[in-house]
Amino acid sequence: MAYDFASIEAKWQDRWEEDRVFNVTEDPTRPKFYNVQMYPYPSGDLHMGHLRNYTYVDLLTRFHRMRGKNVLAPMGWDSFGLPAENAAIQTGVHPREFTERQIVRMKSQLRRLGAVYDWERELASHTPEFYRWDQWLFLQLFEQGLAYKKLASVNWCPKDQTVLANEQVVDGACERCGTTVEKRDLEQWFFRITDYAQRLLDDLALLEDWPERVRVMQANWIGRSDGCQFRMHVAGHDLWLEVFTTRPDTVFGMTFAVLAPEHPLVDRLIAGSDHEQEARDYIAAARRQSEIERMAEGEKTGVFTGAYAVNPVNGREVPIFIADYVLMGYGTGAIMAVPGQDQRDWDFARRYGLDIIRTVSPPPGWEGEAYLGEGIAINSDFLDGLDVAAAKKKIIAWFEEQGTGTGTVQYRLRDWLISRQRYWGSPIPIIICPTDGLVPVPVEQLPVVHPDVTDYAPRGESPLAAVPEFVNVECPSCGGPARRETDTMDTFVDSSWYFLRYCDAHNSEAIFDPAKVAYWMPVDQYVGGVEHAVLHLLYARFITKVLHDMGMVDVDEPFARLFTQGMLVKDGAKMSKSRGNVVAPDPYYERFGADAIRLFELFIGPATDDAVWNDNGVEGTYRFLDRVWRMGTGEIGLIVDRAEAAGDRAILASAHRALRKVTEDIERFRFNTAVAALMALANTLADYLRSQGGARTETFAEAFRLMVLMLAPMAPHLTHELWERRGHGSMLATESWPQWDPDLVRQDSVTMVIQVNGRVRDRIEVAADIDEVEAEMIALASARIAPYLEGATIRRVVVRVPTLVNVVLS
RNA sequence: GCCCGAGUGGCGGAACGGCAGACGCAGUGGACUCAAAAUCCACCGGGGGCAACCCCGUGCGAGUUCGAAUCUCGCCUCGGGCACCA
């Protein structure tokens, strides 16, 4: 009888829902397990690559549930964002309608996989019930000075007609559409994430159960540099130039200084100088270029200002240049240039014929250009003879004594730009009043809801700006006429706190009840793609810390354990709609069923690694499941009066060993080997059945029962049906995960390998508790190794009981 | 350029410093069948041998060790992250 997966799947998907098996509440008597998958953008159809992730999370939900945990597995939708809006531009369909249709579709596909969630906590960021609290959160940050608006040079995507956060610019292009990003000076809203830079960096150390590479990526992104900021007098001007350097120890080697083209002092330095026109042309050219164009030049270019800076340590006057290799956004936008110890300065000095002075002695035989390594200070007056660290310390102390400089720390991290000039996001709840400035929308007026518009096309400002009844309001403070802010928030604002909202998803009085959050947080297991290593994961950590500081969340870090799964690859590329290499699951559902798909997704390779799609793989796991089904549903034919046979203890032992392996493998996210262990067990049981002439003994029934329990989180439909049919109970999902019996797991006899000079020459079955003397005796008595011993001298015998003896001959 | 990973059969991959290739896919041969599908059985890294067996083999080259896919060093290749960040 073939396995009728279609009706079995439908039956159990209904049962899990009707019986509310995975709906949970706070229960202080049981350990909790908060299991969250990064909530998806509702893009509609799931392909095999997506199903891999959903299978992992669902397996964890079911596994931990069976282990007695109070498991919360919620699901929601990251449902604001550009795809719905771009679809609206093309079709005129309201983004809400489009989005909600996609959600319905995606939900049915999750159900079809057999993925279970506490759907009563479902949330979607595009709903006023949700984004009301986005806006509330914004106002909290605003009150604390953590949300602010400023004129800044920002990244602008000309295609999407909106600004982008630094984190959303990849290789100088828009992360979403790939268009080269431009720089524009615009008034924009920022979150002051830089206030948290040090804590975000320090607390990475607490995240022991995060992948190392994600922590490294975040640390690099935050980019702490310890250095020194000092000021230099501009000769002949009443001006001082502030520079930042990480190598203050090399200050005696400064032969010029450089300002970024956007530096505010530039104007005054060049005014009236012989070089004024040349400098203005250069600055204008630099402004026209994007950052990647600037970099693509390769050669470092610049222009002399005509002014000189006075090196505070030796009074030497050095020329001040303007060059676009110095960035306004980092440090002070001005540097001291030490070509002897910095390759970029070296390149520039060579091009413009500037002096090069070495201040750190390179090792003998050094033939490179700028020397960046360790060494002893030279040509540096009172620093001479010191190593780099000591020289840094001494020169910083010197600057501090003089009052012209100080040791400082710089971060690469910039404030998070959260304004977007688009429609489909949370409106920023601010009113701009000519008299009172930026006035928060009173909390009781939240949410600020999108008005419907007829034209979604981006025009450099949000389509909301075209709706007078939305824009024109009374100032809540003075009652005078005012305008609403029309920018919406970056969707990463939504995703930086949604996992808190799941804890109390329907609270209409507050963002959440801190007591409920205290029960569920932190997220015990967070699962998602590594592409979020610096975006979402950094923002979520930041917002959690802000809420922690407000006393609303007791934890300081949101995600105790992070798992970043590998991607599914086909034809040499990540499976994705845009690449056109997706494999749709439908034919596989129809031919092999959800459990076979799930099992293949688990089996395909290590969960952390990218895996290559194989068209025949699902059929393979289907064959395995079908074999299990046939084994479990054949005539039971229990031999009750049968004496225990030799193989009985062996198959029980196999089942218990598999149980230990499967348990440990799941705990370590080694799902592929867990599946392999179950396949091996099924093979063992099949061999046993054959040896018994097909009769199902009680021993078989027990071993089989264990196998069904182990398989339950992986292939839930089939195992639930077998469990019920075999009379074990009506709901496998709530059964306890079995415990292996150490007596059965223990091996009585093992294969001992006998090597001669490290090469295997014989294998002998021995008792597992054999002692070293006996092992050596047995080994040396082996007929197989006798020929090797002839005429040779035994130099040494290495014995590792009970598995190995190595006879070393001279 | 800097910082991480990873290189094992035809393929995906297994392997506490101790039997390389578990498990599966593909393939080959066989059983069942009028035939096919499904299922079941056997084989399945390369070379030699009738065989028992032997030799070679985990990207390349050294090293440590009784013993290395695994540890160390140096290369090569691929993937990822960062990148005029002073």
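Note that the structure is predicted; figures quoted are calculated from it, not measured. The analysis underlying the following values was restricted to heavy atoms, covering all of them including side chains, and did not include hydrogens, waters or symmetry mates.
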A.B. asks: Would you say B/C84 has OP1 or OP2 under 4.0 Å from some side-chain N or O of A/R412?
C.D. replies: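 Looking at the OP1 and OP2 atoms of B/C84, neither is under 4.0 Å from any side-chain N or O of A/R412.
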
A.B. asks: Provide a list of protein-nucleic acid N or O atom pairs under 3.5 angstrom, restricted to nucleotides 6-9 of chain B.
C.D. replies:
none

A.B. asks: Is the phosphate of B/C19, meaning OP1 or OP2, less than 4.0 Å from a side-chain N or O of A/T803?
C.D. replies: no

A.B. asks: Under 6.0 Å between ring centres: does that hold for A/Y411 and A/W221?
C.D. replies: no

A.B. asks: Which one is paired to B/C66, where only Watson-Crick or G-U wobble pairs with both distances under 3.5 angstrom count?
C.D. replies: B/G18

A.B. asks: Within the structure shown, what part of the strands sits under 4.0 Å from A/D345 by heavy-atom distance: base, sugar-phosphate, or nothing?
C.D. replies: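 Here A/D345 touches no strand at all.
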
A.B. asks: Report, as yes or no, whether the 6.0 Å neighbourhood of atom CD on A/E765 holds more than 12 heavy atoms from other residues, nucleotides or ligands.
C.D. replies: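 Enclosed: over 12 neighbouring heavy atoms sit under 6.0 Å from CD of A/E765.
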
A.B. asks: Could you say whether A/N672 or A/G329 is positioned toward the 5' end of RNA chain B, judged by the nucleotide with the nearest heavy atom to each?
C.D. replies: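 Looking at RNA chain B, the more 5' nearest nucleotide goes with A/N672.
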
A.B. asks: A/Y688 OH to B/C40 C1': how many Å, rounded?
C.D. replies: 20 Å

A.B. asks: Can you list everything that forms a ring-ring contact (aromatic ring centres under 6.0 Å, His included) with A/W740? Sequence neighbours excluded, please.
C.D. replies: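 Testing A/W740 for ring-ring contact (aromatic ring centres under 6.0 Å, His included), a comparison that skips the adjacent residues, returns none.
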
A.B. asks: Generate the contact string for nucleotides 41-55 of chain B. Rules: B means base contact, S means sugar-phosphate contact only, - means no protein heavy atom under 4.0 Å.
C.D. replies: S-----------SSS

A.B. asks: Does the Lys NZ or Arg CZ of A/R215 fall within the cation-pi geometry relative to A/W210 - under 6.0 Å from the ring centre and within 45° of the axis?
C.D. replies: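 Cation-pi check for A/R215 and A/W210: fails.
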
A.B. asks: Within the modelled atom types, does a donor on one side and an acceptor on the other bring the side chain of A/R800 and the base of B/G18 under 3.5 Å apart?
C.D. replies: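 Checked by distance alone, the answer is yes.
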
A.B. asks: Quick one: ring-ring contact (aromatic ring centres under 6.0 Å, His included) partners of A/Y539, sequence neighbours excluded?
C.D. replies: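 A/W416, A/F492.
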
A.B. asks: OP1 or OP2 of B/A22 versus the side-chain N and O atoms of A/N683: is any pair under 4.0 Å?
C.D. replies: no

A.B. asks: Remember a base hit wins even if backbone is also touched, and classify A/N757 as base, sugar-phosphate or nothing at under 4.0 Å, heavy atoms.
C.D. replies: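 Nothing: the residue A/N757, judged by heavy atoms under 4.0 Å, touches no strand.
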
A.B. asks: Checking only heavy atoms, does the side chain of A/N616 share a donor-acceptor pair with the base of B/C25 at less than 3.5 Å?
C.D. replies: no

A.B. asks: Mind checking A/L804 for me? I need base, sugar-phosphate or nothing, with any heavy atom below 4.0 Å counting as a touch.
C.D. replies: base

A.B. asks: Using a strict threshold of under 4.0 Å (side-chain N to carboxylate O), is an ion pair present between A/R623 and A/D626?
C.D. replies: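 So A/D626 does not pair with A/R623 through a salt bridge.
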
A.B. asks: Pick the nucleotide of RNA chain B nearest each of A/D610 and A/R213; which residue has the one closer to the 5' end?
C.D. replies: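 Nearest nucleotide further toward 5': that of A/R213.
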
A.B. asks: Does a side-chain N or O of A/R796 approach OP1 or OP2 of B/C66 to a distance below 4.0 Å, or not?
C.D. replies: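 Looking at the OP1 and OP2 atoms of B/C66, one of them is under 4.0 Å from a side-chain N or O of A/R796.
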
A.B. asks: Is a donor-acceptor pair below 3.5 Å formed from side chain A/Q755 to base B/G18, judging by atom type as modelled?
C.D. replies: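 Flag set: donor-acceptor pair detected.
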
A.B. asks: What pairs meet the ring pair (Phe, Tyr, Trp, His ring centres under 6.0 Å) rule with one or both residues in residues 668-687 of chain A, with sequence neighbours excluded?
C.D. replies: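 Passing the test, one end in residues 668-687 of chain A: A/Y56-A/F671, A/F563-A/F669, A/F669-A/F671.
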
A.B. asks: Any ring pair (Phe, Tyr, Trp, His ring centres under 6.0 Å) pairs touching residues 331-351 of chain A, not counting sequence neighbours?
C.D. replies: A/F256-A/F348, A/F321-A/F348, A/Y325-A/F348, A/F348-A/Y352

A.B. asks: What nucleic acid atoms does A/N806 come within less than 4.0 Å of, heavy atoms only: base, sugar-phosphate, or nothing?
C.D. replies: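 Answer is base: heavy atoms of A/N806 come under 4.0 Å of a base.
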
